[in-house]
Amino acid sequence: METKELTTLEEVKIYSDPYRLKILNVLGRMGRAATVKEVADKIGDVPAKVHYHMKKLERIGLVKMVSTKEINGIIAKYYEPFAGSIKINHEKNESEPIVKELMRSETHKLLAELFDQNRDFFFKQMSLQHKTESMLTTTSLFMTDDEANDLYKKVDELLKPYKKMRENEDCHKYEFFATNVRHYDENL
């Protein structure tokens, strides 16, 4: 599994923007390469705005253009989201406390946005009139750092076949949100 490491404040700010997270979410749900226009239609916004944010994501490697196609004399560019894991590396900024704190702040904003999106989706589905399949779990795990990294890779590999929409099957969409954080304060 490939890992994209974000090490600068600019990269983390680009990634943590709620609108850009929405673009990445839409691209991921589409399960195929898509044009800016297709993403804009799904979001309900103008292509120019999506294009601006898509270029920012492309610059830091979170989306990439994978093909082009001429449609009615216009070159359509097809983009895919980065398929690996994304790691925010605060350690590269140890010598600059202000930058490190800003990185933490942006990471906090990112996690809060991801949590809010998933929480809102969870409760929206729970409020529907039909039967909703949902699960919620939390547990403490005890493992070495190597085991924790191995677990993350195994979970990512386990989820891989389910990340793209499959045609002609009785598939339903489920949202999956998980965090894995090492405790450094044993009193927590």
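Heavy atoms only: backbone and side chains are in, while hydrogens, waters and symmetry mates are out.
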Ignoring hydrogens, what is the shortest heavy-atom contact between E38 and A33? Give both atom names and the distance. OE1-O, 4.3 Å
Would you mind reporting whether V12 and L110 have side-chain heavy atoms less than 4.5 Å apart? no
Any chance you could measure D45, atom CG, to H51, atom NE2, to the nearest 0.5 Å? 14.5 Å
Is the count of non-hydrogen atoms from other residues, nucleotides or ligands lying under 6.0 Å from Y19 atom OH greater than 12? yes
What about V155 and M143, same hydrophobic cluster or not, with Ile/Leu/Val/Met/Phe/Trp/Tyr joined at side-chain heavy-atom distances under 4.5 Å? yes
In terms of hydrophobic clustering (I, L, V, M, F, W, Y; side-chain heavy atoms under 4.5 Å; direct or indirect links), are I86 and F115 co-clustered? yes
Look up atom CD in E11 and atom CD in E5, then write down how far apart they are to the nearest 0.5 Å. 9.0 Å
For Y152 against S85, the heavy-atom pair lying closest together: OH-CB, 3.0 Å
Nearest 0.5 Å please: distance from the OH atom of Y15 over to the CG atom of L62. 7.0 Å
One should read off an interatomic distance between I23 CD1 and K42 NZ, to the nearest 0.5 angstrom, of 15.0 Å
Correct closest heavy-atom pair for I14 and R20 would be O-CD, 3.1 Å
Where do I71 and T35 land on the side chain to side chain contact (heavy atoms under 4.5 Å, CB included) test, with the steps shown first? CA-CA 11 Å; I71 302 171; T35 65; 5.7 Å; no
Are L158 and L141 connected into the same hydrophobic cluster when the rule is that any two of I, L, V, M, F, W, Y join if their side-chain heavy atoms are below 4.5 Å apart? no
Quick check: does any side chain N or O of K69 sit under 3.5 Å from a backbone N or O of Y78, one acting as donor and the other as acceptor? no
Rounded at 0.5 Å granularity, tell me how far CD1 in I43 sits from NZ in K22. 6.5 Å
CG-CG distance between L111 and D116, expressed to the nearest 0.5 angstrom: 9.5 Å
Indicate yes or no: at least one non-hydrogen side-chain atom of Y79 is less than 4.5 angstrom from one of V39. no
Grab the two heavy atoms, one from S16 and one from L21, that are nearest each other, plus how far apart they are. O-CD1, 4.0 Å
What is the minimum heavy-atom distance between L24 and P81, and which atoms define it? CD2-CB, 4.3 Å
Do NZ/NE/NH1/NH2 and the carboxylate oxygens of K37 and D41 come within less than 4.0 Å? yes
If you take all heavy atoms of A34 and L27, which pair is closest and at what distance? CB-CD2, 3.9 Å
Contact between E58 and M54 at the side-chain level, heavy atoms closer than 4.5 Å - yes or no? no
Assess whether a salt bridge exists between K154 and E157, defined as any Lys/Arg side-chain N lying under 4.0 Å from an Asp/Glu carboxylate O. no
